[in-house]
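The structure under discussion appears below in the form of structure tokens.
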Amino acid sequence: MCAKKEPVKGLKPLDGAECGKVVMRFAPNPNGPPTLGSTRGIVVNSEYVKMYEGKLIIRFDDTDPQTKRPMLEAYDWYLDDCKWLGVVPDQVVIASDRIPLYYKYARQLIEQNNAYVCFCTSEDFKHLKDAKEPCPHRNTSPEANLIQWDKMLSGEYEAKDAVLRLKTDIRHKDPAIRDYGIFRIIKESHPRPEVNDRYIVWPLLDFEGAIEDHELGTTHIIRGKDLMDSEKRQMYIYKYLGWEYPKTLHWGRVKMHGFGKFSTSTLRRAIEEGEYSGWDDPRLPTLRAMRRRGIQPQAIRKFMIEMGVGETDMSISMDTLYAENRKMVDPIANRYFFVWDPVELTIADVEACTARPPKHPTGDKGHRSIDVAGRVLICMDDMKQLKTGSHIRLKDLYNVEITSVAPLRAKYIGDEVTDLKKERMKIIHWAPVDGIPVKVLSPDGEFKGMGEKMIATELDKIVQFERFGFCRIDSVSSEIVAYFTHR
RNA sequence: GCUCCGGUAGUGUAGUCCGGCCAAUCAUUCCGGCCUUUCGAGCCGAAGACUCGGGUUCGAAUCCCGACCGGAGCACCA
């Protein structure tokens, strides 16, 4: 399949990729739920793997129990959201399960005189490093380093007393490369019960990632541009260990228009403080929120794939995603009336009847039925346009003439749709006075009003509230709660 | 301060490696019009870009240099 397969629109062929031999990984820190940003990594990696019939690994880089402390629930959230996106990883790896592996290679590097235990404070080391000067510990013998390393492992040193550094090139022109740290001491327990306080020496990202990418047989890495230096740093490890470095690809920063800057930690605090209802609050750019709002996984996939893998930073508009989603949802979403900020309109000279609007304007999806007896609700915004004498069409019901606005009253003036064309009558939607209360939660706030009763049959479905927009029906009881998708 | 990366229409994207077929692709957005018992969908049409300045060349969005702008790294974060 992949031999002659056209590259998916937006994704260029991978350099040096052989069908059936591609191994890629998606490596999140589970310190929060997947966001639209992380989704790009999930989708693009999985798409490439599909294209080349390769293998996809999800690796949780959870080696910081302190600063970017993992959230226990987030591991499952990632897996769950992947599944929703149609991504099934071939393998799941948790870094905190594999600490002994990292220790093994650390020991080897110390023995080879490629790593040393450093007792400098971070400030002292920074000064030396900036001056391209080696620190006093750089020349310690491998034997002595081994002893000190064992002391680190056994807890004889406190956090910040010692770190293990890789010997790179202390005179390297790029200061980011010079003798960077690969292990540090953290005397805080890990949130995973299987790990807990088992380790006090934790690897840093570039080391953990370097070892894992080799161990897992990764052939192609896609990572953010912010991690561009990782390759230069990790290359030293690969050289010392005699390994071959995977092919790399980088992408730029993504900002979403309409969403402010969100870091996982500030979000977490805002949620704890009750500013948001949770990780799936419709105002948030998390995948869980998108899902709850009725964004289709295929729309997200398409959107992400069409962005491609460029190194330019971008700031993209949700409109593009919404447009993609609308195309998928418009043909299947049943139509209903929902009146926000309702006001009552009394209609004289009319008998009780049942309106039977179609569920969908094109597809043959049957009809709704709404009983009306001389009183309906209309939107405040529509009411404001009305004057005594205005003729309006109540959509799929009949035509009325406004007889009074102070108490809002009208009289029935006919059923004929043709009249409306002659008169260019405005068509507005309405709701029965004895409908069901509806609350819509949207990124722009809450809308409350009345809807027709049959909305209650659409639990968990995407519907379109006419002249309002698409919504996902989130819960149904004495009141309907809907999440706004988009217009 | 040192180092690295990027800069095509409002927003993304194709093309840049291997200069000509690019008076520059596609999508979205915006603006007109048609259609429609939704301000949705659909249809038709239009607008809109190679950051700037030099250089190489018969020819540059594509190569080189410089400037400007933007992003990132120099963490005992990922």
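What's counted below: heavy atoms across the whole structure, side chains too, no hydrogens, waters or symmetry copies. For clarity, every value in this text was computed on a predicted model and none was experimentally measured. Here is how names work: the chains are called A, B, and so on, in the same order as the sequence lines, proteins then strands, and each is numbered from 1.
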Using a cut-off of strictly less than 4.0 Å, decide whether A:K426 has a side-chain nitrogen or oxygen near OP1 or OP2 of B:rU38. no
Closest to the A:K225 side chain, choosing from B:rA72, B:rC5, B:rC74: B:rC5
OP1, OP2 of B:rC17 versus side-chain N and O of A:K12: anything below 4.0 Å? no
From B:rA27, B:rG40, B:rA78, nucleotide with atom closest to A:R335 side chain: B:rG40
Identify which one of A:F468, A:W430, A:F447 satisfies the ring pair (Phe, Tyr, Trp, His ring centres under 6.0 Å) criterion when paired with A:F338. A:F468
Chi angles and distances behind the ring pair (Phe, Tyr, Trp, His ring centres under 6.0 Å) call for A:F470, A:F465: CA-CA 6 Å; A:F470 293 92; A:F465 289 148; 9.9 Å; no
Presence of donor-acceptor pair under 3.5 Å, side chain of A:Q464 and base of B:rU38: yes
Closest listed nucleotide, where the reference is the side chain of A:R178 and the choices are B:rC5, B:rC2, B:rA78: B:rC2
Below 4.0 angstrom, N of the basic side chain to O of the carboxylate: do A:D62 and A:R69 qualify? no
Taking for each residue the nucleotide of RNA chain B bearing the nearest heavy atom, is the 5' side occupied by A:S315 or by A:F465? A:S315
With sugar-phosphate meaning primed atoms plus P, OP1 and OP2, does A:D174 contact a base, only sugar-phosphate, or nothing at under 4.0 Å between heavy atoms? base
Does the side chain of A:T312 get closer than 4.0 angstrom to OP1 or OP2 of B:rC5 through an N or O atom? no
Any side-chain N or O of A:R184 less than 4.0 Å from the OP1 or OP2 oxygen of B:rC77? yes
